[in-house]
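Only a predicted model underlies this, so the values are computations on that prediction, with no experimental measurement involved. In each ligand, atom 1 is the first atom listed, and ligand 1 is the first ligand listed.
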Amino acid sequence: MAKNNAPTLMDKLGSLCKRRGYVFQSSEIYGGLNSCYDYGPLGTELKKNVKELWWKAMVYERDDIEGLDSSILMHPQIWKASGHVDGFTDPMVDCKECKMRWRADQVDRDKGCPNCGGELTEPRMFNLMFKTFMGPVENEASVVYLRPETAQGIYVNFHNVREAGRQKIPFGIAQIGKAFRNEITPGNFIFRTREFEQMEMQFFVKPGSDEEWFDYWKEKRVAWYERLGIKKDKLRFHQHSEKELAHYAKKAFDIEYEFPFGWSEIEGIHNRTDFDLLRHQEYSGKDLRYYDQEANEKYIPYVIETSTGVDRLMLTALVDAYEEEAERVVLRLKPQIAPIKAAVFPLVKKDGMPEIAQKLFADLKRDFKVFYDEAGSVGRRYRRQDEAGTPYCITIDGETVKDGTVTIRDRDSMEQFRIDQGKVFDFLRERII
Ligand code: GAP
């Protein structure tokens, strides 16, 4: 809630997400678990659609990228080699009064605790990886980590995937999966959470061609946001300064979105050089070089990485789509990612209309996520679907009974027009798939 108690856009979006079944606080009946969220019926669909759109662009439409689904728990040496055990840390300060914890680089120590003004401790380094134990014994030797990024699962499978997919450099490996970080200051709803899902692609290239591939992926990725339906003027690049660069990166750009809480990163594009493969070669003792037949030489490839978060993209899509109008709240989600593609309504519950509507609903649900509703006035039913982000409502009325045409109502323009009942499937297919 804002200081003057008027709900902010993020508050309003949060309530819509709960009301319509997009996002719930995790463990809500126990008072909630901070920074963890559950996705409801519509949230689950949106999440699936965002992932499918990414997978389509990154895997199906390309011959040079293969998919992978590696395990969350991996050999602990992987995180030594990657630098995460020693370097994946944030400086942290605690308030001596209210005990709140802050990232030292995000507070002004002279002003004290942002919550109560209390005195802050000296900064301490805090590792963001969650630790657990594998097997029955809880000791140092059985420590394993929940992965803080999916990328390492790709590096350690580089040769497995290359051989199985009969790929030659340049080629990439894409993966979607959960990652975990014990963030000191999570927040802004699902923007920064401790459990989240990443969509990462590692593109392996010949050293020397890395700059060119970096530029290629930077442009390719920002263009993909149009497919997600994001407004162009809300996106920008931010180049990492020397100070901001991660320990593995030679060059990095973030794609940022202008959220109500300011411009923030939604995707990172990194030139990771040969850092990761070299380190895994050193720590595993295996030769990870690639044999380039044409040049008759062996080398460790460079890696261009594109990395984004599913949850963060869902928030981006929801914020971007949210609009308040005089008479309604509407989520203008792109039809390709909208959870429900169409709602089917009989105008009234008599005169054969429910039967026709049920039949159309049964036909459509074989291919699309559709919704049937016969409760309340048709105007109220439209409003509910506007809030849910459903692009089309199809009404069966008196005319349908006479001539077989139905009314289609467009969410964005609110315009209504009639089409033949038999053409509804093609109408949806052309706009959605
Ligand atoms: N493999 C590189 C990597 O993990 P990153 O910039 O730390 O790079 C990449 O993360 C993306 O993952 C971010 O742009 C964001 O979309 C998502 N992400 C990172 N931390 C997150 C968190 N705590 N909650 C939600 N999404 C997160």
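- Regarding atom 10 (O) of ligand 1, its nearest protein heavy-atom neighbour is Gln198 NE2, 3.6 Å.
- In the vicinity of Phe191, heavy-atom distances shorter than 4.0 Å reach the ligand 1 atoms 24 (N), 25 (C), 26 (N).
- Remark: Arg124 pairs with Met92, Asp94, Arg101 by the side-chain contact (heavy atoms from CB on, under 4.5 Å) rule, at least two apart or across chains.
- At the top of the distance list for atom 9 (C) of ligand 1, counting protein heavy atoms only, stands Ser307 OG, 3.0 Å.
- With sequence neighbours left out, Asp108 forms a side-chain contact (heavy atoms from CB on, under 4.5 Å) with Asp110, Lys111.
- The ligand atoms of ligand 1 that sit less than 4.0 angstrom from a heavy atom of Glu305 are 1 (N), 2 (C).
- Considering only non-hydrogen atoms, atom 23 (N) of ligand 1 lies nearest to Thr193 out of Thr193, Leu313, Leu128.
- For ligand 1, the atoms closer than 4.0 angstrom to any heavy atom of Arg272 are 1 (N), 2 (C).
- At under 3.5 Å, not a single nitrogen or oxygen of Phe196, backbone or side chain, sits near a nitrogen or oxygen of ligand 1.
- Heavy-atom proximity to atom 13 (C) of ligand 1, evaluated over Met199, Glu256, Arg147, Glu265, is greatest for Glu265.
- Within the listing of ligand 1, atoms 14 (O), 16 (O) sit less than 4.0 angstrom from a heavy atom of Ile266.
- Checking only distances, Pro148 never comes within under 3.5 Å of ligand 1, N or O to N or O.
- A cation-pi contact, defined as under 6.0 Å to the ring centre and within 45° of the axis, is absent between Arg221 and Trp217.
- Near Glu149, with a cut-off below 4.0 Å to any heavy atom, the atoms of ligand 1 are 1 (N), 2 (C), 3 (C), 4 (O).
- For the pair Arg431 and Phe427, the cation-pi criterion (under 6.0 Å, within 45° of the ring axis) is fulfilled.
- Residue Phe180 places every heavy atom at 4.0 Å or more from ligand 1.
- Of all atoms in ligand 1, numbered sequentially from 1 with element shown, those under 4.0 Å from a heavy atom of Glu183 are 20 (N), 22 (C), 23 (N).
- Heavy-atom proximity to Glu200, at under 4.0 Å, picks out these atoms of ligand 1: 1 (N), 2 (C), 3 (C), 4 (O).
- For a threshold of 3.5 Å applied to N or O pairs, the pair formed by Arg181 and ligand 1 contains at least one separation below that value.
- Within a 6.0 Å sphere centred on CD of Glu327, other residues, nucleotides and ligands contribute 12 heavy atoms or fewer.
- On a distance-only criterion, Arg192 and ligand 1 share no N/O pair closer than 3.5 Å.
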